[in-house]
Amino acid sequence: MSEALLTVDHLKMYFPVQKGLLKRTVGWVKAVDDVSFTVERGKTLGIVGESGSGKSTIGHCVVRDYNAAGGSVTFDGINMADCKGRELQKLRQKIQMVNQDPYSSLDPRMNVGQLITEGPRYHHYPQNKETFDEKVERLLGLVDLNPSYADRFPHEFSGGQRQRIAIARALAMEPDFIVCDEVVSALDVSIQAQVVSLLMEPQRTLGLTYIFIGHDLSVVRYISDNVAVLYLGKVMEYTSSDELYENPLHPYTKALISAVPIPDPVVDRARERILLKGEIPRPIDPPKGCNFCTRCPYATNECRGQEPEYREIAPGHFVACHRVMEGGGMRG
Ligand code: SF4
């Protein structure tokens with residue numbers, strides 16, 4: 001059995017809603033509400049969901065940008081909430097995050113060489129034989145950019161190239177784990193595949209572990225070993241990537257998958273489509289019972305009154321739905 005590098009256990013992240021001059025707390029946005037998963041060393045966990053589902057908040061909790069309101073994040077056997085000072089700094093070296101927006105994540109006043117070496121210089125990395133210039137050259141090669149670009153500035157590059165620089169910058173810290181937060185969402189479709197392949201190569205050679213956050217199921221499937229489907233801060237379904245796409249059980253997952261275009265027009269026309277009604281509810285005002293009940297075509301009174309339990313329906317396949325039965329069928 002593979003070893004879990006990251007364990008997220010009943011994670012909760014609530015943000016206060018404040019009003020008035022005195023900023024009185026009048027409510028809470030439950031951005032992440034009781035989320036659990038593990039990521040095995042050398043593997044990729046995909047997290048999919050619509051905007052507002054809490055995907056990025058999970059990423060920020062994992063890199064300790066936020067202190068969780070409840071639950072725990074354990075990295076390589078260390079509970080991150082217990083880490084302070086140098087230990088936390090060391091842990092943060094090991095866990096890097098690459099964000100969606102390559103335009104804002106790179107300081108426009110720094111050239112590429114400075115951007116890539118900023119982290120190692122700041123953390124006074126011992127440079128095992130390799131000079132900073134050699135490091136820049138190696139990393140630019142790794143992300144398929146010409147080493148001569150080291151003296152150029154971010155505005156001289158396209159979106160895809162900037163995202164490559166952001167990845168090289170993360171790799172410069174010699175991490176074990178990278179949270180990729182919508183890293184290809186802002187890029188042209190033709191560039192997306194290149195950037196995803198680029199992430200897969202160092203995973204193979206350096207044994208990196210990833211969380212890959214996205215909303216495009218076909219991209220997430222391509223890179224992920226396991227996938228968690230998130231809706232309004234809760235995991236609706238979790239299983240292996242192949243199982244999720246071949247045998248989706250949760251009505252929300254089925255709806256998402258039925259919306260992914262299939263290249264063969266005959267197959268595309270013949271398959272059942274589940275159309276979602278309306279928008280995802282506001283996290284400050286989630287529905288009672290099942291979070292998905294306001295849009296679910298199978299919702300019953302039970303769904304509107306009682307939250308479904310998150311259960312293991314088949315080995316390694318977890319679902320939060322009243323109507324999905326053991327083995328996978330839908331209860332009538
Ligand atoms: Fe739909 Fe009910 Fe299942 Fe929620 S619990 S997904 S509302 S059938």
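For reference, positions follow the sequence shown, starting with 1. Every number for a ligand or one of its atoms is a count from 1 in the order of the listing.
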(message) Is Arg304 close enough to touch ligand 1? Criterion: a residue heavy atom under 4.0 Å from a ligand atom.
(response) no
(message) Quick check for you: to the nearest 0.5 Å, what is the distance between Tyr122 atom OH and Gln89 atom CD?
(response) 6.5 Å
(request) With heavy atoms of Cys296 as the reference, note each atom of ligand 1 found under 4.0 Å away. (result) 1 (Fe), 6 (S), 7 (S), 8 (S)
(message) In terms of relative ring orientation, are Tyr252 and His250 parallel, tilted or perpendicular, with 30° and 60° separating the classes?
(response) perpendicular
(request) Say whether, by atom type as modelled, one donor and one acceptor occur between the side chain of Arg295 and the main chain of Gly278 under 3.5 angstrom. (result) yes
(request) Below 4.0 angstrom from a heavy atom of His250, which ligand 1 atoms are there? Numbered from 1 as shown, please. (result) 6 (S)
(message) Return the closest protein heavy atom for atom 3 (Fe) of ligand 1 as residue, atom name and distance.
(response) Cys321 SG, 2.3 Å
(request) Would you mind running through ligand 1 and noting each atom that sits below 4.0 Å from a heavy atom of Cys293? (result) 7 (S)
(request) Look at atom 4 (Fe) of ligand 1 and say which protein heavy atom is nearest, naming residue and atom and giving the distance to 0.1 Å. (result) Cys290 SG, 2.4 Å
(request) Name the closest protein heavy atom to atom 5 (S) of ligand 1, giving the residue it belongs to and the distance to 0.1 Å. (result) His322 N, 3.3 Å
(message) Using a 4.0 Å cutoff against the non-hydrogen atoms of Pro251, which atoms of ligand 1 qualify?
(response) 6 (S)
(request) Anything under 30° is parallel, anything over 60° is perpendicular, the rest tilted; go ahead and classify Tyr66 against His60. (result) tilted
(request) Check each atom of ligand 1 against the heavy atoms of Arg323 and keep those under 4.0 Å away; list them by number with element. (result) 8 (S)
(request) For residues Phe37 and Phe318, establish whether the separation of their ring centroids is below 6.0 Å. (result) no
(request) Only one of Leu198, Leu199, Asn99 passes side chain to side chain contact (heavy atoms under 4.5 Å, CB included) with Val183; say which it is. (result) Leu199
(request) May I ask you to check if any N/O/S atom from Cys303 comes under 2.8 Å of atom 2 (Fe) of ligand 1? (result) yes
(request) Using modelled atom types only, decide if a donor and an acceptor are shared between the side chain of Lys55 and the backbone of Glu50 within a distance under 3.5 Å. (result) yes
